[in-house]
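Written out below as structure tokens is the structure these notes cover.
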Amino acid sequence: MATYNLKINGKMHETDADPSTPLLWVLREHLDMVGTKFGCGLAQCGACTVHLDDVATRSCVLPVSQVGNHEITTIEGLSEKGDHPVQKAWVEHDVAQCGYCQAGQIMTAAAFLKKNPNPSDEDIAAAMDGNICRCGTYLRIRAAVKSAAKS
Amino acid sequence: MSTNNSLNRRKFIKVSALTGGGMLLSFNLLTGCKPSVSEAAELPKEWFQFNGYLKIGDNGLITLMSPNPEIGQNVKTSMPMMVAEELDVNWKKVIVEQAPLNTDLYKPMQLAGGSNSISASWQTMRTAGATAREMLKQAAANEWKVPVSEIETIDGKLIHKASGKSADYGEFASAASKLTVPEKVALKKPKDFKIIGTSRKNVDGQKIATGKPLFGLDYKEEGMLIAMIVHPPAFGLQLKESDVSAIKSMPGIADAFFIDVYPDSKNKQWCDVAAFTKLLAVVGKSTWQVMQAKKTFKPETEPIKASSEKVNVFGTVTEVITPAGFENTTTHKQQMASISPKQVKTVRKDGDPEAAFKKASVIIERSYSCPFLAHNAMEPMNFFANVKDGQATLVGPVQTPSFMEKSVSDRLGIPLDKVEVKMTRMGGGFGRRLYGHFLVEAALISQKMKAPVKLIYTREDDMTNGVYRPAYYATYRAALDENKNLIAFHVKAGGIPENALMANRYPAGAVENYLAEEWAIPTNISVGAFRAPGSNFIAGAEQSFLDEVAEAMGKDPIEMRLELFEKAKSNPVGKNNDYNADRYAGVLKLVKEKSEWSKTQPGISRGVAAYFCHDSYVAHVFDISIKNNKPVIEKVTTAVDCGIVVNPDAATNLSEGAVTDAVGHAMFSGMTFTNGVPDQSNFDKYRMIRNSEAPKKIETHFVKNEIDPTGMGEPSGPPAIGALANALYKATGKRYYVQPFMIENQPIHS
Ligand code: FES
Ligand code: FES
């Protein structure tokens, strides 16, 4: 066990955890932020995507000991009022079916658009390829990313 | 989420408000998620309950209860829309809550499966809304001393034109809720619908986009422990009890012990499917610690013995045979391809197929197959249980809450009315969550720990635990006479351990000489329903085969199908044909028109298919191109006849998803086995369709009619596989018989 001070969504959080504990479980269980989802635990599905600084990161394979001073943003902190352009586009396009993958999809999309504000359709599909949606909402995800890019 | 510990809710119900015409007097409210803060700001001082489906606040706010489990099929929005329609309210003033599990109150069944949530509740939910509307009208009539027949309702208001009086529903909610419930109420005509048939956004859309706790995995209670299970590494093995003291001494571990989930099969229900019934439970403080501890355990196992058990499938006792031994995918394939006539049973026969095949001038024979599939709902199996003082409370994602209540009650020996299952939103199900052994497991673990417990499966646990889509196989034969007329049709369908035959479906009824046969090979790999059971294979096989038959007949594939429907309509062969030839032909005609079927485009290859399941009709045209030796689905044109479409945009989303899902599985996915061990255990090896592989565009068209709604969650998937295979053939000159079509790194040649 060790103590970690993590900057998450602009606030400092102190937590005791085994150094190998993935950030995903620290968020979900130590800090009660369950918006970030568990899908595979193997960096294969994207459900656990958070931002480490501005980079979309799979929190299920990131040991808490390696977070260091990087700032973490989770779905809960993407915007204060739930009105980040990507979130708005997601609601507008009524993307979700079961909704379980969507926090990860939104976090991936938000980080991607920050880097590439004018993506082509191919760029969007390629950027979202690491996030599995078992319900098959891929078309709406692409449409929502596209309209978020425009806004 | 709130927790309500009141367990004796059944006694609250005096009479079912809807079926008995009586009045529900008290009701256990507010399970599931509370309204968000912005909603709460406008909450009324007092709510008045009209029936199980709705209550009205003194300020005119409406709460509608969504009875069925929400699995991504959007029933939590679409089902309350039916109540709101008849209640005549402004949808903006509606709050939707997940109803508690209450099988006496919510008829016919609080279940997610079979695509029948909307169709089965079409009458009851509209009646619930209309009943309350009539009671409000009566209350206003009493107060205003005018005939009730002169009162109109619109958008949550009561209006009496002659006197100029009007009032908000909120003003009369109290008085109206105390009136006698009318025995009979008139329902609106479809032409008068204002909410049904209009697109309404997912009521949880904002919560999903902001990461609010909605799912079973997000549920938490004070003092809750985390539990995981260990099951044997291979089908054909069972755990032997062994020393677990090393695990118990690992950091954060509270206990480790063996559980027997279904020690005898006496009361087993159809939803109690479980390949591994003896498990090791590891319980601790945090998921990560339990995961680490569980990894260190080397299970001792022994081979299972062959067995047979009787299982109650909706009242019919069926015998399920489980053979011993370790199975292999390669052996499975050989077994399926070499079925002996002795194993085959005739299910339907029209005319004299043997004679027709003898005199045929052309016989086409083709075989199709598909592998086992894991459901892979994105939220792995999990459930919360708190068993104490002779009561059991369970919270989480399950498609069959009322059935599993009974299973938990039976296994733990706790009376049914002391077991409560609360439904959370589900991170997908696709049939996997019909089989709720994980509820029983969670309950047993909580009972032993005397503490609230959340059971969590890792992805590996989830993927290697069984309950797969069966492996299917089908051989088709068609006989053409010298004029290339189709004179006989033969389907012989089998699988491990069940077949996908739909003997009374098209083209049964359209061919003079018809033979449908079935066979099955038992297995110890457990299987269950998978989105559009059976149809998820047989539609693709049949529709690919018909494409070849049309080609051999020298006919356009749509025209050939339409001619068969004409025959099935004007002069049907045999009895029990289970489809409506007009509606079937209708979707083909619509897709033909919308896809501009007769036009060709450079670089585009097209395929068509149509299918009927869950009482709905769907046809697709797939447009594909080949880029970098890979197929690209440029466009899918879809025509759907599911009767009245309650929530068109949500139905479109569901249809798009079903197409993408079906295409993905047919192209890429499969569970294979080596000596009983699943070869895939996570998404590194198990191939799921990815965003860039999904169709670029899907255009969905609904047939407009006033027929009562039918299934929507499943029917669009199955025919997509046929249309895809037929388009691939046009693009590559190669027919696709074996799923998955795209074995990794195997280029297709154009
Ligand atoms: S849970 Fe992290 S990528 Fe799947
Ligand atoms: S919406 Fe269900 S997994 Fe994406």
Closest-packed option against chain A by number of heavy-atom pairs under 4.5 Å, given [options]:
{"options": "B:R531, B:K697, B:H665", "answer": "B:H665"}
{"options": "B:N682, B:T660, B:I698, B:I456", "answer": "B:N682"}
{"options": "B:I226, B:D204, B:T287", "answer": "B:T287"}
{"options": "B:R459, B:M378, B:E693", "answer": "B:M378"}

Portion of [X] that has a non-hydrogen atom of chain A nearer than 4.5 angstrom:
{"X": "B:Q289", "result": "side chain"}
{"X": "B:T652", "result": "both"}
{"X": "B:A377", "result": "backbone"}
{"X": "B:Y457", "result": "backbone"}

When you look at [atom1] of [X], are more than 12 heavy atoms from neighbouring residues, nucleotides or ligands closer to it than 6.0 Å?
{"X": "B:K635", "atom1": "NZ", "value": "yes"}
{"X": "B:K285", "atom1": "NZ", "value": "no"}
{"X": "B:E699", "atom1": "CD", "value": "yes"}

Measuring from atom [atom1] of [X] to atom [atom2] of [Y], what distance do you get when rounded to the nearest 0.5 angstrom?
{"X": "A:R134", "Y": "B:R432", "atom1": "CZ", "atom2": "CZ", "result": "12.5 Å"}
{"X": "A:I106", "Y": "B:T210", "atom1": "CD1", "atom2": "OG1", "result": "8.0 Å"}
{"X": "A:H93", "Y": "B:D649", "atom1": "NE2", "atom2": "CG", "result": "10.5 Å"}
{"X": "B:I208", "Y": "A:D94", "atom1": "CD1", "atom2": "CG", "result": "8.5 Å"}
{"X": "A:L139", "Y": "B:K696", "atom1": "CG", "atom2": "NZ", "result": "11.5 Å"}
{"X": "B:M291", "Y": "A:S20", "atom1": "CE", "atom2": "OG", "result": "11.0 Å"}

Between [X] and [Y], what is the shortest heavy-atom contact and its length?
{"X": "B:L217", "Y": "A:F38", "result": "CD2-CB, 4.0 Å"}
{"X": "B:G427", "Y": "A:Y100", "result": "CA-CB, 3.6 Å"}
{"X": "A:R142", "Y": "B:N691", "result": "NH1-O, 2.8 Å"}
{"X": "B:G428", "Y": "A:C98", "result": "N-CB, 3.3 Å"}
{"X": "B:A209", "Y": "A:V91", "result": "CB-CG2, 4.0 Å"}

Using a heavy-atom distance cut-off of less than 4.5 Å, which residues of [range] contact chain B?
{"range": "residues 143-151 of chain A", "value": "none"}
{"range": "residues 39-49 of chain A", "value": "A:G39, A:C40, A:L42, A:Q44, A:C45"}
{"range": "residues 21-37 of chain A", "value": "A:T21, A:P22, A:W25, A:R28, A:E29, A:D32, A:V34, A:G35, A:K37"}
{"range": "residues 53-79 of chain A", "value": "A:I75, A:E76"}

Residue [X] versus chain B: region with a heavy atom under 4.5 Å:
{"X": "A:Q105", "value": "neither"}
{"X": "A:V86", "value": "neither"}
{"X": "A:Q87", "value": "both"}

Do B:R690's NZ or CZ and the ring of A:Y138 fall within the cation-pi criteria of under 6.0 Å and 45°?
-> no
Of the listed residues (A:D83, A:D129, A:D121), which shares the most heavy-atom pairs with chain B below a 4.5 Å separation?
-> A:D129
Which residue, B:D661, B:N202, B:L654, forms the side chain to side chain contact (heavy atoms under 4.5 Å, CB included) with A:Q97?
-> B:L654
Tell me, with the steps shown, if A:R140 and B:N653 meet side-chain contact (heavy atoms from CB on, under 4.5 Å).
-> CA-CA 8 Å; A:R140 283 173 189 242; B:N653 193 353; 3.5 Å; yes
